[in-house]
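Remarks on the structure that follows.
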Amino acid sequence: MSDVARPTEAQIAQVRIAAEAVKAAIDAHLAAVEGRAGVGDPRVAGAYETLADAAEVYDDLLDRVHDEFTPFEVPRPGGNGLLDRIEPEAVSVLIRRDYTVTDPGLLRETVGGTTVAASLRALFGDYEPDRVAHHAAEFGLEEGDSTLWVVASEPVAEPGEWLAEPFDVADEDLLICRFDVIEDYDDELEPADPS
């Protein structure tokens, strides 16, 4: 931040007030969820919107004042209000995880493939994606960013019906929730090596 002007006390206070608003909104959202009166409780939706607004204000101030931002975002599902007018009968869960092959020899040795591509086919053929994610380093992989989307979809399709275009339901207007993991931010939060 050496090339950025030092924030004023007033700016710092604004960021702190925004942070407190996010904390209060989280507490209010949790209370609404714990006390909800069934699916579609408007109190939960209202608390969600309040949390989203508070997080957006905090993120914007943090960026403008400190040249930093949060490692998460609160998605705004149904940007056109579509999800407010329908009750989804089914959902599709779309997951993307990126990896870097950091040790091709370890990958081939661990999985038994003759090439990196063959080893990756064997790895993802033999192991569930969550297991690969939890043990990536043991397979010579390094995790990158990942995202999980839950989108409203048609009722369960016939077997094999959507396999030709598995991700064509990734419509942001039908987004119910989204969770992003950005590895660089996680790395920054790890404690420094004391040695």
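Keep in mind that this is a model prediction, so the values were computed, not measured. The residues of the chain are indexed from 1 along the displayed sequence.
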Are [X] and [Y] joined in one hydrophobic group, where the rule is that I, L, V, M, F, W and Y side chains link up if heavy atoms are under 4.5 Å apart?
X: I12; Y: L62; answer: no
X: L106; Y: L123; answer: no
X: V57; Y: I17; answer: no
X: V132; Y: V101; answer: yes
X: V91; Y: I95; answer: yes

If you measure from [atom1] on [X] to [atom2] on [Y], what distance do you get to the nearest 0.5 Å?
X: R131; Y: D126; atom1: CZ; atom2: CG; value: 9.5 Å
X: R96; Y: L148; atom1: CZ; atom2: CG; value: 13.5 Å
X: R108; Y: L120; atom1: CZ; atom2: CG; value: 10.5 Å
X: E9; Y: R16; atom1: CD; atom2: CZ; value: 9.5 Å
X: H29; Y: I26; atom1: NE2; atom2: CD1; value: 10.0 Å
X: D130; Y: H135; atom1: CG; atom2: NE2; value: 10.0 Å

K23 with D27: basic N within carboxylate O range, under 4.0 Å: no

F139/Y99 aromatic ring centres below 6.0 Å: no

Identify the two heavy atoms, one from [X] and one from [Y], that lie closest to each other, and give their separation to 0.1 Å.
X: L94; Y: F167; answer: CD2-CD2, 3.9 Å
X: L51; Y: V22; answer: CD1-O, 4.1 Å
X: A32; Y: R43; answer: CB-O, 3.9 Å
X: V111; Y: S119; answer: CG1-O, 3.4 Å
X: P88; Y: I176; answer: CG-CD1, 4.0 Å
X: R97; Y: S146; answer: CG-CB, 3.7 Å

Test side-chain contact (heavy atoms from CB on, under 4.5 Å) applied to T110 and E138, step by step: CA-CA 8 Å; T110 306; E138 297 168 27; 5.9 Å; no

Using only atom types and a distance under 3.5 Å, with no angle test, would you say the side chain of [X] pairs donor to acceptor with the backbone of [Y]?
X: D98; Y: D145; result: no
X: T102; Y: G140; result: yes
X: E161; Y: E158; result: yes

Whether over 12 other heavy atoms sit under 6.0 Å from F124 CZ: yes

